[in-house]
Amino acid sequence: MIIPSIDIEGGKAVKRVKGQRGVYVYTGDPVQLAEKFRRAPLVHVVDLDGAEAGKPVNMDTIREVAQILGGRCQLGGGLRSAEAVEVALSLCRYAVVGSLPFKNWPLFAEIAERYGERLAVSLDYRAGKILIGGWLEEALTIEAAVELLSRAAPYAAVVVTAVEIEGTGGGVKAEVDVRTLRGLAPRVYYAGGVKNCHDVEQALRLGFDGVIVGYALYAGDLSQCIDW
């Protein structure tokens, strides 16, 4: 499965290079993108400002995007309270959390117990370390993060992102073995560096169930492998 992404900053859709604010390969209208992607089975929506602020920011835009998509989305970015997760789940099929497990495990465990079947956990990594807080802080090693998350599993999905090549089209760089993540969730998605259908195929061969794409949609070529 190919999952298009809509990253939102200041009400606009952007594609950052390696998560860096102000360095973009694309800027546009998130509502127009939602219209374009409305036939996709699932869309990955990220509130970039929310991820950095620790709370949802671009909610007016996200509500409009989610409505166009009919709720066929997974929403992340700044979901660090039960209320924020509940709002996300009122708009999208799944809520994606990255920082919360590493900043407030007791609260995360409570949320996972209640919403686990609609909760996706995000493992965003660089050089073997998990990045949190809008990718501005280092947390645990990948191995330690997986062990911690296993305590409240299962979840709906795991999203792994190679931050070092995110937004570059530099090819797949999976620092995790998909088999080690199967105990966390039935579905594991990859993001980072994907430029074309060859990269999508490589990620799928590694065992990922889906590939989240952004750069490939705006500066690459997926014309031979998408049907929406």
Side-chain angles (χ1 to χ4, degrees), residues 1-17 19-100 111 114-115 117-122 124 133-136 155-157 159 161 166-167 187 189 191-192 194 210-220 222 226-228:
M1 178 166 60
I2 299 177
I3 305 167
S5 67
I6 302 176
D7 297 350
I8 301 173
E9 176 191 303
K12 296 180 179 180
V14 304
K15 189 60 195 175
R16 293 179 178 178
V17 177
Q20 300 174 73
R21 178 178 286 271
V23 184
Y24 312 114
V25 292
Y26 172 85
T27 59
D29 183 343
V31 173
Q32 290 181 359
L33 286 182
E35 293 282 1
K36 182 178 180 179
F37 301 152
R38 66 189 311 161
R39 290 181 57 235
L42 184 66
V43 178
H44 185 72
V45 181
V46 182
D47 184 347
L48 295 176
D49 297 310
E52 294 171 352
K55 59 183 180 181
V57 174
N58 291 288
M59 292 310 297
D60 289 343
T61 301
I62 289 169
R63 285 190 181 92
E64 191 171 359
V65 166
Q67 184 175 18
I68 291 169
L69 296 173
R72 293 187 311 279
C73 45
Q74 55 184 30
L75 173 60
L79 305 185
R80 298 183 203 165
S81 69
E83 180 182 9
V85 170
E86 288 165 3
V87 170
L89 291 175
S90 74
L91 300 173
C92 289
R93 190 174 298 168
Y94 304 105
V96 183
V97 294
S99 299
L100 183 59
I111 292 172
R114 184 173 181 182
Y115 298 113
E117 63 184 16
R118 296 184 64 194
L119 197 67
V121 292
S122 184
D124 308 325
W135 299 351
L136 300 175
Y155 312 102
V159 177
T161 303
E166 170 70 6
R187 295 182 297 279
Y189 303 137
V194 175
V211 183
I212 297 171
V213 295
Y215 178 97
L217 294 168
Y218 314 126
L222 294 177
I226 57 174
D227 57 1
W228 36 259

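- In this view, Ala95 and Leu79, Val85, Ala88, Leu89, Leu119 satisfy the side chain to side chain contact (heavy atoms under 4.5 Å, CB included) rule, not counting sequence neighbours.
- A distance of 8.5 Å separates CG in Leu100 from OG in Ser81, rounded to the nearest 0.5 Å.
- Residues that satisfy the side chain to side chain contact (heavy atoms under 4.5 Å, CB included) test with Glu35, not counting sequence neighbours, are Arg38, Ile68.
- Remark: Glu64 CD to Leu69 CG distance equals 11.0 Å, nearest 0.5 Å.
- Legend: salt bridge (Lys or Arg N to Asp or Glu O under 4.0 Å) pairs involving residues 71-82, not counting sequence neighbours: none detected.
- Within the structure, salt bridge (Lys or Arg N to Asp or Glu O under 4.0 Å) pairs that include any residue of residues 4-14 comprise Asp7-Lys15, Glu9-Arg16, Glu9-Arg21 (at least two apart or interchain).
- The closest side-chain heavy-atom distance from Tyr115 to Val97 is not below 4.5 Å.
- Pairs engaging residues 25-34 under the salt bridge (Lys or Arg N to Asp or Glu O under 4.0 Å) rule: none recorded [sequence neighbours left out].
- Looking at residues two or more places apart in sequence or on another chain, you find a ring pair (Phe, Tyr, Trp, His ring centres under 6.0 Å) between Phe37 and Trp228.
- By the side chain to side chain contact (heavy atoms under 4.5 Å, CB included) test, Ala216 is found to be paired with Val194, Val213, Leu222, residues two or more places apart in sequence or in another chain being considered.
- Residue pairs meeting the disulfide (SG to SG under 2.5 Å) criterion with at least one partner in residues 24-98, sequence neighbours excluded, are Cys73-Cys92.
- Each of Val46, Thr61, Val57, Leu48 was scored for a side-chain contact (heavy atoms from CB on, under 4.5 Å) with Ile8, with one residue passing: Thr61.
- Nearest heavy atom pair, residue Asn58 against residue Gly11, reads OD1-N, 3.0 Å.
- With hydrogens and angles ignored, the 3.5 Å screen pairs no side-chain donor or acceptor of Thr161 with any backbone N or O of Gly192.
- Here the straight-line distance linking atom CG of Leu33 with atom OG of Ser5 works out to 9.0 Å at 0.5 Å rounding.
- Taking the ring pair (Phe, Tyr, Trp, His ring centres under 6.0 Å) definition, one finds that Tyr155 meets it with Phe108, sequence neighbours left out.
- Partners of Tyr189 by side chain to side chain contact (heavy atoms under 4.5 Å, CB included), not counting sequence neighbours, listed by chain and number: Met1, Ile3, Leu42, Gln74, Ala157, Val159, Arg187, Asp209, Ile212.
- Between Gly10 and Asp49, the closest heavy-atom pair is N-OD2, 2.6 Å.
- Tyr24 meets the ring pair (Phe, Tyr, Trp, His ring centres under 6.0 Å) test with no other residue; sequence neighbours excluded.
- Note: Ser99 OG to Glu52 CD = 11.0 Å, rounded to the nearest 0.5 Å.
- Judged as a salt bridge (Lys or Arg N to Asp or Glu O under 4.0 Å), the pairs with a partner in residues 81-96 (not counting sequence neighbours) are, in order, Glu86-Arg114.
- When all heavy atoms of Ile6 and Pro30 are compared, the closest pair comes out as CG2-CB, 3.9 Å.
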### side chain to side chain contact (heavy atoms under 4.5 Å, CB included) assessment of Met59 paired with Leu91
CA-CA 10 Å; Met59 292 310 297; Leu91 300 173; 3.5 Å; yes

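- Across every non-hydrogen atom of Val43 and Ala40, the tightest pair is CG2-CB, 4.2 Å.
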